[in-house]
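For reference, the structure is listed below as structure tokens.
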Amino acid sequence: MSDAPIYNIDPDAFWRDPYPDLKRMSAQGPVVFVPQLGATLLTRRDDIFENEKKVDVFSSVQPDGLMTRLMGQNMMRKDGAAHMEERKAIFPTVSPRTVKAAWRAAFEDLTTSILDEIAPKGEADMVRDIAMRISAEALKAITGLTNMPWQEMDRVSQGMMDGCANYAGDPEVEARCNDCTASIDRYIDDRIPDLTENPDHSLLSVQLQAGLSEEQYRANVKLAISGGQNEPRDVIAGMSWALLTHPDQLRMILDGKATWFDAFDEYTRWIAPVGMSPRRVAQKYELHGVMLEQEDRVFLMFGAGNRDDSVFTDPDRFDITRDTRASIAFGAGPHYCAGASASRCLIGEVAMPMIFSRLKGLRLDGETTFGGWAFRGPLNMPVAWNAD
């Protein structure tokens with residue numbers, strides 16, 4: 001265990017809202033040990049930005065980590081050549097060119113269909129009825145698992161995310177996660193014959209075309225589902241809430257004085273959908289006077305780094321005019337989010353402008369609640385609009 005200063009948390013309160021604790025942690029020191037998480041946390045933006053790239057020290061290879069045990073060793077849990085081999089194999093799915101040529105039209109079609117269906121109702125839950133469905137339908141297309149119902153896509157994603165954040169070791173959470181990964185395997189099995197006969201740009205297809213092993217392509221599809229569902233869902237809903245609670249900033253976008261991308265970049269800084277990324281200390285290392293021992297567990301706290309007051313002025317404030325170039329919402333090193341282009345397109349180019357255009361007079365219609373620290377977003381968000 002590292003000799004970092006100890007900071008204790010109430011796990012339930014930390015799940016409800018981690019930001020007060022993260023702020024106090026950062027004030028106490030840039031490196032702290034949290035016994036309730038069994039990990040040493042890096043809280044400063046520049047430390048995370050610099051050290052995430054030092055894979056010889058802060059390794060993503062975690063044989064005993066929750067993600068590897070529950071989902072298989074995907075490319076996110078590999079470093080160096082092994083990581084780059086698989087990243088190169090999936091690039092035809094997530095490249096900016098493919099996003100523009102193939103996925104944007106698909107995103108527009110599915111979002112139009114969903115909004116046309118829901119618009120006459122005049123009310124919904126933004127998380128459950130809109131954001132969750134848009135994200136899931138988009139992910140079905142990208143992964144190639146078009147045979148999976150959108151509700152199941154969300155279920156298996158959430159189950160894996162809960163499993164990967166199950167540092168308390170709850171056996172029920174682990175059992176649900178195992179059920180979810182088994183479900184994904186069945187849907188993969190059903191799609192392989194058709195994608196072998198009729199290859200396309202989907203994640204499963206390009207991995208089959210590249211000759212990746214069964215272990216590799218199954219693990220990487222699960223990785224894409226784990227992050228590719230909950231993160232866009234949480235940003236679509238959360239960004240809608242942020243703009244509806246800051247109407248002056250929404251008006252700036254509608255008047256052409258700011259863009260949806262400005263709001264996207266600021267929201268993902270302000271409320272990081274992925275609040276942390278774990279690393280294994282591969283060799284003894286000193287940081288800010290703290291000695292990290294080999295095999296220590298370290299959490300890179302993106303949520304804390306994106307509210308570092310030495311980098312961002314008034315960091316707890318949502319401000320779409322802010323310069324967000326220092327944001328580390330998508331990571332910083334070789335593990336920078338491979339799906340960033342697809343995410344920006346789905347949310348900033350398609351979902352957000354279409355939601356606010358189609359649902360006239362969109363407004364909050366009840367209390368919105370948030371939850372999570374490793375992965376954070378709205379849990380429920382009742383909204384109403386002027387029905388067709």
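Computed over heavy atoms, backbone and side chain alike; hydrogens, waters and symmetry mates excluded.
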Flag for [Y]-[X]: side-chain donor and acceptor within less than 3.5 Å:
X      : Y      : result
Arg155 : Gln229 : no
Gln216 : Gln207 : no
Thr324 : Ser327 : no

### Task
If a pair satisfies salt bridge (Lys or Arg N to Asp or Glu O under 4.0 Å) and one of its residues is in residues 41-52, list it, with sequence neighbours excluded.
Glu52-Arg279
If you define the side chain from C-beta out and look only at heavy atoms, does anything of [X] sit under 4.5 Å from [Y]?
X      : Y      : result
Asn198 : Asp200 : no
Ser60  : His83  : no
Leu37  : Trp373 : yes

### Query
Parallel, tilted or perpendicular: which fits the ring planes of Tyr267 and Trp270, with parallel below 30° and perpendicular above 60°?
perpendicular
### Message
Before we go on, tell me: are the rings of Phe370 and Tyr19 under 6.0 Å apart, centre to centre?
### Response
no
#### Entry: is_close_aromatic(Phe330, Phe302), centroid dist under 6.0 Å
no
### Test applied, side-chain contact (heavy atoms from CB on, under 4.5 Å); reference residue, Met71; option that passes from Arg218, Met160, Arg77
Met160
### Message
Within a 6.0 Å radius of atom NZ on Lys23, are there more than 12 heavy atoms belonging to other residues, nucleotides or ligands?
### Response
no
### Gln28: partners by side-chain hydrogen bond (donor to acceptor under 3.5 Å, both in side chains), with sequence neighbours left out
none
### Task
Run the salt-bridge test on Lys222 and Asp185 with the 4.0 Å N-O cut-off and return the result as yes or no.
yes
